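Some notes on the structure that comes next.
Here the structure is a predicted model, which means the values were calculated and not measured.
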Amino acid sequence: MPADGCPQPARHSRLPRLYSALFYAGSSFVITVVNKTVLTSFRFPSYLCLGIGQMIATLVVLYAAKMSKAIQFQDFDRTIPLKIFPLPLLYVGNHITGLASTKKLSLPMFTVLRKFAILMTMILEVFILRKTFPKRLVYSVVTIVLGAMVAASSDLAFDVEAYSFILLNDAFTAASGVYTKKKLGTEGLGKYGLLFYNALLLVIPTLLASAYTGDLHKALAFEDWVEGPFVFCFLTSCFMGFVLMYSIVLCSYYNSALTTTVVGAIKNVAVAYIGIFVGGDYLFSWTNFLGLSICMSGGLMYSYLTFKQISDGSDAEEGQELKIRIAEDSTGKPSAH
């Protein structure tokens with residue numbers, strides 16, 4: 001795939017769009033569970049240092065791939081920071097607030113409140129990317145948000161700090177998705193360049209911030225560093241941080257920013273229902289369960305309408321091509337085969 005520019009979504013066939021969405025859903029599911037294990041089950045004290053580990057993993061993997069000629073992206077120059085701004089700020093905000101909210105909320109409530117990122121993404125796409133949406137898609141998004149409000153209304157473990165983190169995470173996710181789509185289309189860095197230079201520009205400032213706040217000391221003093229299961233989960237989280245960011249960029253490349261956000265919500269079907277039975281921090285209520293189910297039905301409706309639209313669009317393009325060929329034949333010109 002070319003590193004310069006991003007074709008319009010309509011130019012991509014259905015299978016790459018579908019597979020990139022499934023890849024993102026699977027990556028998001030795995031990293032949510034692994035992060036929850038590291039921060040809650042093992043009680044790792046610093047979500048900031050976990051984010052640093054994910055940035056370092058991104059740099060190592062992409063640099064090694066570039067050196068081995070497996071991938072290509074633009075070499076660093078003075079124009080890079082200006083080209084990708086404000087993505088680094090949105091990236092670190094998304095990382096930090098996401099890890100903080102993962103630690104402070106139960107998995108089901110985390111997945112419910114993440115639904116507000118969908119509405120925020122739709123609004124930003126309208127104002128920044130000048131997009132319009134069919135009424136049916138708007139109704140499905142409203143259904144998702146309505147379900148989230150119903151579920152959150154019965155939260156028996158309400159935490160102002162946790163809710164603030166998750167809503168900030170929603171805002172950062174929405175802005176990051178929309179600007180990623182915009183940068184892929186105009187800046188010429190490509191998917192890998194965006195990932196690499198985001199991490200490169202952020203890893204040192206974030207490391208200094210963790211040292212200043214004392215988070216780095218807490219992380220280094222953590223006593224489970226000698227325990228194999230914790231080290232395995234920590235390293236898995238770092239690697240999956242890279243995989244997740246790549247899957248987000250890939251899904252945004254082939255689809256819209258809104259579709260990427262909704263796909264992230266749909267994978268929460270598994271996360272939310274698993275979290276009811278495992279994790280030990282979910283307080284069950286029928287109102288919450290009903291709201292959760294409304295969210296999921298709205299997400300599935302959106303997915304059906306979106307990928308049905310892709311299929312219908314592909315059929316229409318094939319029909320148009322057939323008409324052109326028939327017209328060429330009627331003029332006596334040879335048709336292309």
How many angstroms lie between [atom1] in [X] and [atom2] in [Y], if you round to the nearest 0.5 Å?
X: F116; Y: I166; atom1: CZ; atom2: CD1; answer: 10.5 Å
X: L90; Y: F85; atom1: CG; atom2: CZ; answer: 8.0 Å
X: N35; Y: S41; atom1: CG; atom2: OG; answer: 11.5 Å
X: K131; Y: L124; atom1: NZ; atom2: CG; answer: 12.5 Å
X: I118; Y: T173; atom1: CD1; atom2: OG1; answer: 11.0 Å
X: F73; Y: L62; atom1: CZ; atom2: CG; answer: 5.5 Å

Ring centroid separation F42 to F222 under 6.0 Å: no
Do the two ring centres, one from Y19 and one from Y254, sit under 6.0 Å apart? no
Go through the steps to decide whether F76 and F196 satisfy the test ring pair (Phe, Tyr, Trp, His ring centres under 6.0 Å), and finish with yes or no. CA-CA 10 Å; F76 184 83; F196 185 83; 9.1 Å; no
Under the criterion side chain to side chain contact (heavy atoms under 4.5 Å, CB included), I'd like the reasoning laid out for K183 against V249: C-alpha separation, chi angles, the key distance, then a yes or no. CA-CA 10 Å; K183 298 298 180 180; V249 171; over 6 Å; no
ILVMFWY cluster, [X] and [Y] together (side-chain gap under 4.5 Å):
X: L39; Y: L220; answer: yes
X: I84; Y: I71; answer: yes
X: Y212; Y: L48; answer: no
X: F239; Y: F232; answer: no
X: Y139; Y: I123; answer: no

For [X] and [Y], which heavy atoms make the closest approach, and how far apart are they?
X: L194; Y: T180; answer: CD1-O, 4.3 Å
X: A174; Y: A117; answer: CB-O, 3.9 Å
X: L167; Y: M120; answer: O-CE, 4.1 Å
X: I31; Y: Q54; answer: CD1-NE2, 3.8 Å
X: N198; Y: P88; answer: OD1-N, 3.2 Å
X: I294; Y: T143; answer: CG2-O, 3.5 Å

Answer with yes or no whether the side chains of N169 and T97 bring together a donor and an acceptor at under 3.5 Å. yes
Verify the distance criterion only: is there a donor paired with an acceptor across the side chains of S176 and N94 at less than 3.5 Å? no
Would a 4.5 Å heavy-atom cut-off, applied to side chains only, mark [X] and [Y] as touching?
X: Y24; Y: L244; value: yes
X: F44; Y: S46; value: yes
X: L50; Y: S237; value: yes
X: F23; Y: V243; value: yes
X: Y179; Y: I128; value: yes
X: V231; Y: V226; value: no

Dump the intermediate steps for side chain to side chain contact (heavy atoms under 4.5 Å, CB included) on M122 and V141, then the final yes or no. CA-CA 9 Å; M122 176 175 277; V141 168; 3.5 Å; yes
Give a yes or no answer on whether the side chain of [X] reaches the backbone of [Y] with a donor-acceptor pair at less than 3.5 Å.
X: S28; Y: A25; result: no
X: T40; Y: T37; result: no
X: Y253; Y: I248; result: no
X: S20; Y: R17; result: yes
X: W225; Y: F230; result: no
X: T206; Y: L202; result: yes
X: K181; Y: N255; result: yes

For K66, I'd like to know if atom NZ has over 12 heavy atoms of other residues, nucleotides or ligands within 6.0 Å. yes
When you look at CZ of F133, are more than 12 heavy atoms from neighbouring residues, nucleotides or ligands closer to it than 6.0 Å? yes
Identify whether the distance between the nearest side-chain nitrogen and carboxylate oxygen of K83 and D77 falls below 4.0 Å. no
Given the rule in the side chain to side chain contact (heavy atoms under 4.5 Å, CB included) test, do L59 and V203 qualify, once you have shown the distances and angles that lead to the verdict? CA-CA 9 Å; L59 292 173; V203 66; 4.0 Å; yes
